[in-house]
Amino acid sequence: MPVLVMKFGGTSVANLDRIRRAAKRVGVEVAKGYDVIVIVSAMSGKTNELVGWVNETSPLFDAREYDAVVSSGENVTAGLMALTLQKMDVPARSWQGWQVPLKTTSAHSQARIEEIPPENINAKFGEGMRVAVVAGFQGISPEGRITTLGRGGSDTTAVAFAAAFEAERCDIYTDVDGVYTTDPRICDKARKLDKIAFEEMLELASLGAKVLQTRSVELAMRYKVKLRVLSSFEEQSDEAGTLVCDEEEIMESNVVAGVAYSRDEAKLTVQSVADRPGIAAHIFTALSEAGVNVDMIVQDISDEGRTDMTFSCPTDQVARAEQALQAVKEKGELNYAELLADRDVAKVSVVGIGMRSQSGVAAKMFKVLSDEGINIKVITTSEIKISVLIDRKYMELAVQALHDAFELDKAA
Ligand code: ADP
Ligand code: ASP
Ligand code: MG
């Protein structure tokens, strides 16, 4: 029988009533003749609560125990979903990651999926099971420990299952009815897209649009998974939501496809380092060994052989960055004056494959921000995106102004 993957996010399984509603959607697809793999998230807010408990117990936690704790929310919803389906007379059972087994690397808290052998689940489909309810976000390491796939990781579980079982489609049910030109929660004029190209979705996700985890888009692109985002709160047709697809399948598109933001950024400046070969390598090796995810980097012009090096990273990694740079300074390996940290910045980006062939997008973006009196602190660009770091208090204003200026409320 053809296989369908259906993933329900936290708000879609937030209570028993919502689980019943999601189970009904699954029942509709089973009645159409599909064998269904349902991937569930934890009830909304649950994972945050679990992370909070770990941080409170031990701020310098053992990541293996972090994973043991934070993966547990999904176990509850998987069992409840299977019970609900059984009550509807749909043959179903739950699977935790290790039972499948969903094999991952041992990079605890941000493990990558290595393999999903389909035999165990297929054997049960062969015996008449119609729905495998799988706990999202979790897997098992080569050492036999529970791992998790990074926040938002159930999206990646879903796409990986769709690839491993050659599913006809991977439907991501969430609390919005598709992918929008920007987050509809901060911009009233955001417009739902019927289709979006993989590359644009990949950039939007990696620049902060949390509607899909970045890695899920990467996998869908690599394994040609038909990926759709749609609402679990509305009656759905086969054309509902947003299809993430190859750029060739999209007839017309705007130069800028969307605006993304990332709220919790910090800007750090290493003041007055020697301007000579090897200094950048030294700073960024120390940061990478400390597990700091450096994003944007700028080096100032040199003055009397010394320069400033500025970079950005997530706010919650500032302490780690400070510790790492202080340590190399104390060892005499790197000499700098001060390390300045600005924790009140946000990143705003415009994304679009049309930028490859059209110039002037950067100039327009900077003009829009300057007209709003917003100062740009750092800029980075790639072929299909431009990102700026600005004061966090202007983030929503910047998103809305850019959305207006690039007329994203209007279809191409
Ligand atoms: P789930 O719990 O179902 O995985 P998430 O909260 O992870 O849901 O992702 C859905 C949220 O993503 C939406 O509620 C919305 O606020 C946010 N979002 C950010 N950017 C976008 C965008 N471009 N299009 C749609 N939603 C977006
Ligand atoms: N429950 C996990 C999280 O909140 C995984 C997910 O929902 O995708 O990050
Ligand atoms: Mg999510």
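- For residues 70-90, every residue pair satisfying the side chain to side chain donor-acceptor pair (under 3.5 Å) rule, not counting sequence neighbours, is listed here: Asn75-Gln138.
- Residues Glu65 and Arg145 have side chains in contact (heavy-atom distance under 4.5 Å, counting atoms from C-beta outward).
- No more than 12 heavy atoms of other residues, nucleotides or ligands lie within 6.0 Å of NZ in Lys189, so this atom counts as exposed by the packing criterion.
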Candidate pair Ile279 and Ile283, rule side chain to side chain contact (heavy atoms under 4.5 Å, CB included), full reasoning: CA-CA 6 Å; Ile279 290 294; Ile283 293 177; 4.1 Å; yes

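- Phe137 pairs by the ring-ring contact (aromatic ring centres under 6.0 Å, His included) definition with nothing, not counting sequence neighbours.
- Distance check: Lys226 NZ to Cys245 SG gives 9.5 Å after rounding to the nearest 0.5 Å.
- A donor-acceptor contact closer than 3.5 angstrom is absent between the side chains of Gln99 and Asn120.
- In this structure, the separation between OG1 on Thr285 and CG on Leu287 is 8.5 Å, given to the nearest 0.5 Å.
- Val351 is not listed as a side-chain neighbour of Val256, based on a closest heavy-atom distance of 4.5 Å or more.
- Looking at Glu203 and Glu199, their side chains never come closer than 4.5 Å, going by heavy atoms from C-beta outward.
- A pairwise comparison of heavy atoms in Val176 and Pro184 identifies CG1-CG, 3.9 Å as the closest pair.
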Name every donor-acceptor pair, under 3.5 Å, that has one atom in a side chain of residues 121-128 and the other anywhere in the protein, sequence neighbours excluded.
residue, atom, partner, partner atom, Å
Lys124, NZ, Glu127, OE1, 3.4

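- Taking CE from Met309 and OH from Tyr336, the interatomic distance works out to 13.0 Å, rounded to the nearest 0.5 Å.
- Inter-residue side-chain proximity for Tyr223 and Val159 is flagged as unmet; no heavy-atom pair is nearer than 4.5 Å.
- If you check the side chains of Asp188 and Gln400, you find no donor sitting under 3.5 Å from an acceptor.
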Please step through side chain to side chain contact (heavy atoms under 4.5 Å, CB included) for the pair Thr105 and Glu114, ending with a clear verdict. CA-CA 7 Å; Thr105 60; Glu114 299 219 296; 3.5 Å; yes

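- Other residues, nucleotides and ligands place no more than 12 heavy atoms under 6.0 Å from the CZ atom of Arg112.
- In this structure, the separation between OH on Tyr180 and CG on Leu193 is 9.5 Å, given to the nearest 0.5 Å.
- No donor-acceptor contact under 3.5 angstrom links the side chains of Thr147 and Asp67, judged on distance only.
- Asp171 is linked by a salt bridge (Lys or Arg N to Asp or Glu O under 4.0 Å) to Arg169, Arg228, counting only residues two or more places apart in sequence or in another chain.
- To the nearest 0.5 Å, the span separating OG1 on Thr307 from CG on Asp300 amounts to 5.5 Å.
- Heavy-atom minimum distance, Leu219 versus Ala160: CD1-CB, 4.0 Å.
- The structure places CZ of Arg215 at 10.5 Å from CG of Leu202, a figure rounded to the nearest 0.5 Å.
- Applying the salt bridge (Lys or Arg N to Asp or Glu O under 4.0 Å) definition to pairs two or more places apart or across chains, none involves residues 310-319.
- Nearest heavy-atom pair across Ala162 and Val225 is CB-CG1, 3.7 Å.
- Within the structure, salt bridge (Lys or Arg N to Asp or Glu O under 4.0 Å) contacts touching residues 280-299 (residues at least two apart or in different chains) are Asp295-Lys347.
- Residue Leu50 comes nearest to Gly73 through the heavy atom pair CD1-N, 3.8 Å, listed as atom of the first residue, atom of the second, then distance.
- Under 4.0 Å is where a charged nitrogen must lie from a carboxylate oxygen, and between Lys195 and Asp246 no such pair does.
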Could you pull out all donor-acceptor pairs under 3.5 Å where a side-chain atom in residues 337-345 meets a protein atom, sequence neighbours excluded?
residue, atom, partner, partner atom, Å
Asp342, OD1, Asp344, N, 3.0
Asp342, OD2, Lys377, NZ, 3.1

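- Counting heavy atoms from C-beta outward, Tyr66 and His108 have side chains that stay 4.5 Å or more apart.
- Between Val13 and Arg18 the shortest side-chain heavy-atom distance does not fall below 4.5 Å.
- Across all their heavy atoms, Arg130 and Tyr34 have their closest contact at NH2-O, 2.8 Å.
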Does the pair Gln299 and Asp308 meet the rule for a side-chain hydrogen bond (donor to acceptor under 3.5 Å, both in side chains), with working shown? CA-CA 6 Å; Gln299 183 179 341; Asp308 292 347; over 6 Å; no

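- Gly33 approaches Pro2 most closely through the heavy-atom pair O-CD, 3.9 Å.
- Identified under the salt bridge (Lys or Arg N to Asp or Glu O under 4.0 Å) test for residues 45-62, with sequence neighbours left out: Lys46-Glu49, Asp62-Arg64.
- Side-chain atoms of Thr269 and Thr310 form a donor-acceptor pair, as typed in the model, at a separation below 3.5 Å.
- Side-chain contact check for Val273 versus Asn335: every heavy-atom pair is 4.5 Å or farther apart.
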Show which side-chain atoms of residues 3-10 pair as donor or acceptor with protein atoms under 3.5 Å away, not counting sequence neighbours.
residue, atom, partner, partner atom, Å
Lys7, NZ, Asp155, OD1, 2.7

What's the verdict on side chain to side chain contact (heavy atoms under 4.5 Å, CB included) for Asp409 and His403, showing C-alpha distance, side-chain angles and the deciding distance? CA-CA 7 Å; Asp409 53 332; His403 197 273; 4.3 Å; yes

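- The closest side-chain donor-acceptor pair between Ser216 and Gln213, if any, does not fall under 3.5 angstrom.
- In terms of the ring-ring contact (aromatic ring centres under 6.0 Å, His included) criterion, residue partners of Phe311 (sequence neighbours excluded) are, by chain and number, Phe284.
- Taking a cutoff of 4.0 Å between a charged side-chain nitrogen and a carboxylate oxygen, Lys24 and Glu29 do not qualify as a salt bridge.
- When only modelled atom types and interatomic distance are considered, Glu143 and Ser141 share a side-chain donor-acceptor pair under 3.5 Å.
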Per-pair distances, 0.1 Å, donor-acceptor, side chain in residues 378-390, under 3.5 Å, sequence neighbours excluded:
residue, atom, partner, partner atom, Å
Ser382, OG, Ile384, N, 3.3
Ser382, OG, Lys385, N, 3.4
Ser387, OG, Ser349, OG, 2.8

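- No side-chain N or O of Arg320 forms a donor-acceptor pair with one of Asn293 less than 3.5 Å apart.
- Residues satisfying the salt bridge (Lys or Arg N to Asp or Glu O under 4.0 Å) criterion with Asp194, sequence neighbours excluded, are Lys192.
- Using a 4.5 Å heavy-atom cutoff, the side chains of Thr157 and Leu149 are in contact.
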